[in-house]
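One structure is given here, and the rest of the page talks about it.
Chain A is the first sequence line, chain B the second, and so forth, proteins listed ahead of strands; every chain is numbered from 1.
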Amino acid sequence: MAEYSKEEISRIEDKWRSAWEKNKVYKTEMDLSRPKYYVLDMFPYPSGAGLHVGHPLGYIASDIVARFKRIKGFNVLHPMGFDAFGLPAEQYALEHGIHPAVSTQQNIQNFKRQLGRIGFCYDWSREVQTCDPSYYRWTQWIFIQIFDSWYNRKKARAERISTLIAHFESEGNISHPFPNLKFKAPSGNDSFNASEWKAYDEKTRREILMTYRLAYLAHTDVNWCEALGTVLANDEVINGVSYRGGFPVVKRQMRQWSLRITEYAERLLSGLDQIDFSESMKDIQRNWIGKSTGCLVTFKIKGLTPGPSPPIVIRAGSERGDTPDVAIAQDFIFTSDAKTWKALKDSARENRKNPTEAEDKIWQALRNLKLEHRFRRQHSIGRFIVDFVCIEKKLVIEIDGPIHDLQKREDAERTQIIEDSGFKVIRFSNKLVLTRIDEVLQKIKTELTSPSPLERRLGGEVLTVFTTRPDTIYGVDFMVLAPEHPLVKVITTEAQQKEVDDYLKYVESRSEIDRMAEVKKITGCFTGAYAINPLSKKETPIWISEYVLAGYGTGAIMGVPCGDERDHKFAKHFKLPITNIIGSFYTGEEANPSYEATLENSGVFNGMLMRDAVPAIIAELEKLGVGKRQINYKMRDAGWSRQRYWGEPFPVVFREDVPYAMEEKDLPLTLPDSDNFKPSGNGEGPLANLTNWIDFAPGQKRDSNTMPTHAGAAWYFLRYMDPHNQKEFAGKKSLDYWNQVDVYIGGSEHAVAHLLYSRMWVKILHDLGYLNFDEPFKKLINQGKITGESNFVYRLLKGTFFYSDQDGELVETDNFPPVFISKNLKDRFENGTLSQKEAASISRVEILLNNKFTRVGEKGRVDFITKAFTPMRVDINLVENDKLDIERFKNWRPDFKNAEFIFENSNSSAHGEAGDYLCGSAIEKMSKSYSNIVNPDDIIDKYGADTLRMYEMFLGPLEQSKPWSTNGIDGVYKFLRRFWNLFHNSTGKFGVNNEAASKEELRALHKTLKKIESDIENYSFNTSVSEFMICANELSSLKCNKRSILEPLVIALSPFAPHIAEELWSLLGHPDTILNAKYPAFEEQYLKVNSHAYPISINGKVRATMEFALDMPKEDIEKLVLASEILKKWSEGKPPKKVIIVQGKIVNVVL
RNA sequence: GCCAAAGUGGCGGAAUUGGUAGACGCGCACGACUCAAAAUCGUGUAUCCUCGGAUGUGCGGGUUCGAUUCCCGCCUUUGGUACCA
């Protein structure tokens, strides 16, 4: 005796949820005898705001797929977990003093409770939480594997670092040059050989290996916010200022971990062809990877004749003590600034008095040689004192004593800094000087006779650019360097020095905000130098400009104004001549980047189509040895350090500043418990505050950073396969069986970061032999975002209350309660179209406030003298149909207790009497901070989980974003009731009969079975809900309550509305759960019709329909149509010109 | 700016190897039941109209017997990206 009422729904749903849990129906085991199917949701970050109706959209869809695949006979893996490390919990801890571990667990419990109510078929025994040490133990383990790997470009795969060491030992790095050309061998060369490698000490070797590791430590930019004293994540920086507070953010270098994802650029790109992601998703990733094919072209720099090589002035560098600035000055020699010079003077003198044996030996030898260049000893350069220096030849000689051996690293740094100032540094060991002084002197002589570094650069150095348009090389009118380009220091002429200095200063002064605000602003400066075009031999001026980025390509470009818009603007702005190589394609007004033009003014390439000239010119450049085919990627390596507490600690130990991976047996490195989450203030993470943890053993240090939340999310789908494994991140058998995720459903906001990192980690694990697949996700579906409707009240701006005092002066006061004005009234007030009545209503409030708040001695008057109102979001639960619930609003926040309102309805009194306060509204994303969250619990309380599930699907196509609205939820609710009623008689008693089904009934059933199946395969759930409705409507009108029809239908409905389906299934007499039923096969025979109502169109307009048998030949149809009354009526006697008959579709007669 | 997706009744949306545009639902209107209301059930519901018809899928063209669907050119919205040579 049951009606599908609210009480009954809640009884049924509760009953089955607990039965499912009790019987562990969702527990999944490996079963090699059955095909597997892996359905995955993007696991949520458990926020304090709880689940809103947007979250379940994707989860419902995946749940339908999982349940459908199960009744189709697959062994379905459908797990859920939590992405539980992250910033919000840490910020919450800072604000409320609740430990992230505690708030995270609370939030997870709440999420699980909410998810539980919707009836998902998750196997919770496989739950993972990224913040659980038993999970992040393996995140750390994988990190170590990545750290212990390098990318073998020859084989295009990751390998163990041991294989790299083997290469180094047998042949140095000749076959596997440094991944980044910036790196040099300790000798200063681009490569080293096997014997050099063998001679390096442990630290040097480790430093070299670091430049190859797939997880590596290097100095990289962070977003430093001085005002907040902390480092910010990229998404906490908006337009160059901090997301909170709007403080300026600058780039600052810090030593951090990065993942060398750039090595995988090509495979991440080509892998897209094998996976089923939407085209737009692939485009976003392709865009991000940003591959461009082109070539490097080297231009000779026209020799400069600046007279004697200019002396060098070194300023001691900034307080932080990094690289000193270098400038070329006119007259005097100064190798430190005055202050540093002074500071170092005494110790230099001291050193000169007490030379080491080796130093003394060299000094005497140098004097005896009577060289034409003078050496100085113990001379300060920048902030260093060097052993010997020849200023004229910019040569520094350093003797490595026993102390030097202990500080190789510092020495290398020091050498670098000194060399950056234009000196060449040569080092000799103490031992060498003492035993083989001749050899040493010979080396010094050779150095003195060879050109100085500056001369060397000027004479031999070339300017290399990257271009995707080598075909335009004859159109190069100028070259542009990034301001940071190292050549700038070298090539600038005396005449241009000041201008260049000023420009560099300007660029430096420009903050991120300025640059972002004025992206298209054209600035630049001529260096005075010229480059020689390798093909046309033309000399073109070399400029610097901030529109050229140091970090991409070579940091230099060739300017082709007729073919590139930016180059064109640059040329116009600085009035540079423009060479036209594309004839009429260039109008003089704007650049034309076409490939279709025929080349002119291009020497031997004249007359060639640009498209064809690209390879031809590359070939020519390669032949001349001045060009090389090159592929560039926009993508950068992924910064992997976060200066945060609530994340995975890096499983490394620093000894003498060299990082070593922790041993596997020592994992996990657990996050130390602490209540101090404040940033350390010096740019390091909060862990830096825990010195006991950082300096855990003598001579050993830990990393104060933690990993980003991407780390835990990069592999969680693998852990689900074998979540309790204590020995491995997942067992090989499980990995092989469950394999790739068959369908992954989640939001498109993870298009780049999460999906790229997951793909990269899987590729690495694959390369290292742990996985037999190298793409994690076979198919990706992006569910649309569900946006919410926020409501606004309009508060009179603070500080806009005035009263006039005794002397009639207006005095500002804040002595008044908040006043809110109704939406439409506010609009009219703002644009000055208030009616008289409304104006009166407002002045009534003024009078009222006047009476209420004017104090003794404040003989004043309240005036609204501005029209400024602040929109303020109000909790949507206080608003219904735009009307604000005044009483609840007053209790909402304490400071609104005494709020005053100016109501919409001007007829009613402003205060105390009835009137409506109307709120404004806007569609925004659902967020706690917008107070516009719609909680699925409320919907379930009202309609039940089945209705919620079907309604969310009915809302529209899964992938489409849409605003939440409950309009129409009744339709779904009514459908379920109607469906229920098919199984019950008018008194609510359950009963089906066993009569044979009619043709119509069978047709209705099988049409639905077919449509549901194909809709689920196409992720078109909104249309499947429609189909169920149509079917229920048809069966209702057929008054069908036959078991043979209804039973299969319940199975088909069960993925969508599992609770009602399970109840009906049980009422139908099945003791086992419907989850173990089989999806009924549809049979084509029931769908067959033998005739079709052909629409008869005349001249393309449908005029009538005629019923013909489907197998009627065209000729017969034509005859019948031509003879019909319809045609007679419409042809008006005109003879038919042509008759088109599409069998089973349409007839069209052309007159 | 560039790249991508999308524009269909009052609303959510359906239909694309080119073949009856508006399925299904909401809303609305009318009717049945009821003393009444709710619930439920039934009927109708793109627009215009001289009631025969005409128009209609963002706008303007084109291809076709036939275009929401294909092609060209615009407009608008949303997402991605931001001087990437």
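The side chain of A:V1102 has B:U20 as its nearest neighbour among B:U20, B:A85, B:U40. Distances were taken from every side-chain heavy atom of A:S1026 (C-beta onward) to each of B:C65, B:C24, B:G27; the shortest belongs to B:C24. Here B:C24 is the nucleotide among B:A85, B:G19, B:C24 with the atom lying nearest to any side-chain atom of A:I1030. Here the nucleotide nearest the side chain of A:K1138, chosen from B:C65, B:A85, B:G13, is B:C65. Among B:C3, B:G25, B:C83, the nucleotide with an atom closest to any side-chain atom of A:N287 is B:C3. Side-chain atoms of A:N1022 lie closest to B:A14 of the nucleotides B:C84, B:A14, B:U20.
The phosphate of B:A85 has OP1 or OP2 within less than 4.0 Å of a side-chain N or O from A:Y552. Residue A:K974 places at least one side-chain N or O under 4.0 Å from the OP1 or OP2 atom of B:C26. For the OP1/OP2 pair of B:C41 and a distance below 4.0 Å, the side-chain nitrogens and oxygens of A:R978 include at least one atom meeting the criterion. For the pair A:N1148 and B:G19, the criterion of a side-chain N or O lying under 4.0 Å from OP1 or OP2 is not met. For the OP1/OP2 pair of B:U40 and a distance below 4.0 Å, the side-chain nitrogens and oxygens of A:R977 include at least one atom meeting the criterion. Distances shown here put a side-chain N or O of A:Q960 below 4.0 Å from the OP1 or OP2 atom of B:G13. The side chain of A:S961 contributes no N or O atom lying less than 4.0 Å from OP1 or OP2 of B:G79.
For the pair A:M950 and A:L1053, the minimum side-chain heavy-atom distance is below 4.5 Å.
Cation-pi geometry between A:R949 and A:F954 is not met at under 6.0 angstrom from the ring centre and within 45 degrees of the axis.
Nucleotides B:G13 and B:U8 place their C1' atoms 9 Å apart, quoted to the nearest Å.
With no hydrogens or angles considered, a side-chain donor-acceptor pair links A:T579 and A:K538 at under 3.5 Å.
Less than 6.0 angstrom separates the ring centroid of A:H568 from the ring centroid of A:Y586.
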